[in-house]
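As structure tokens, the structure follows; a few thoughts come after it.
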Amino acid sequence: QVQLVESGGGLVQPGGSLTLSCAASGTILRIYTMGWYRQAPGKERELVASITGGSSTDYADSLKGRFTITRDNAKNTVYLQMNSLNPEDTGVYYCHANIKARPGIGWSTYWGQGTQVTVSS
């Protein structure tokens, strides 16, 4: 059983910063990609950023320069540092990870329960 547990969401004023964390736990042999998606009210879920075990990163074009994704492989944890937040960044942020739980079993994608980020004055 694999779980992704997110933390760090909340209410922040425009121009502020937040850091999200997501820790994977359970039966884990190897984690390939970890990352974040977000879903704003009335919109589809979209990629925010992802990072491989070798620290190769991918960002949504609109977020480059404001958001930074990092990863601690020893802790199976991914972080998302969000700066210069604006109301358009409001939404539920979901952690995801591609995980191989055991030898002989293929890769599976897991999702966290989501953490709310609200940018408002």
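Residues: numbered from 1 along the sequence shown. As the structure is a computational prediction, the values presented were derived from the model and not from experiment.
A 4.5 Å side-chain heavy-atom check between Leu47 and Tyr59 finds every atom pair outside the cut-off. Side-chain contact between Thr90 and Ser120 is absent, with no heavy atoms from C-beta onward closer than 4.5 Å. No side-chain heavy atom of Ile69 sits under 4.5 Å from any side-chain heavy atom of Tyr79.
Gln39 contributes atom CD, which lies 11.0 Å from atom CD of Gln116 (distance to the nearest 0.5 angstrom). Arg38 CZ to Glu44 CD: the interatomic distance, rounded to the nearest 0.5 Å, is 14.0 Å. Distance check: Asn98 CG to Ser108 OG gives 9.0 Å after rounding to the nearest 0.5 Å. The CD1 atom of Ile51 sits 8.0 Å away from the CG atom of Asn73 when rounded to the nearest 0.5 Å. Note that the CG atom of Leu80 and the OG atom of Ser50 stand 11.0 Å from one another [nearest 0.5 Å].
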Self-check item: Chi angles and distances behind the side chain to side chain contact (heavy atoms under 4.5 Å, CB included) call for Asp61, Leu63
Solution: CA-CA 5 Å; Asp61 287 341; Leu63 301 177; over 6 Å; no

Practice problem: Give the intermediate values and the outcome of side chain to side chain contact (heavy atoms under 4.5 Å, CB included) for residues Val78 and Cys95. | Solution: CA-CA 8 Å; Val78 63; Cys95 174; 4.0 Å; yes

Practice problem: Would you please test Gln113 and Leu4 for side chain to side chain contact (heavy atoms under 4.5 Å, CB included) and show each step? | Solution: CA-CA 8 Å; Gln113 78 284 358; Leu4 301 181; over 6 Å; no

Quiz prompt | Candidate pair Asp89 and Val12, rule side chain to side chain contact (heavy atoms under 4.5 Å, CB included), full reasoning | solution = CA-CA 11 Å; Asp89 295 315; Val12 63; over 6 Å; no

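Both Trp111 and Val92 are members of a single hydrophobic cluster when ILVMFWY side chains are connected at heavy-atom separations under 4.5 Å.
For Ser121 against Pro14, the heavy-atom pair with the smallest separation is N-CD, 3.7 Å. Across all their heavy atoms, Met82 and Val117 have their closest contact at CE-CG2, 4.0 Å.
A donor-acceptor pair shorter than 3.5 Å cannot be found between the side chains of Thr77 and Asp72.
A 6.0 Å sphere centred on NZ of Lys75 holds no more than 12 heavy atoms belonging to other residues, nucleotides or ligands.
Stacking of Arg45 on the aromatic ring of Tyr94 is recorded, both the 6.0 Å distance cut-off and the 45° axial limit being met.
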Review item, side-chain donor-acceptor pairs of residues 16-37, under 3.5 Å, at least two apart:
from, atom 1, to, atom 2, distance (Å)
Ser17, OG, Asn83, OD1, 2.9
Thr19, OG1, Gln81, OE1, 2.4

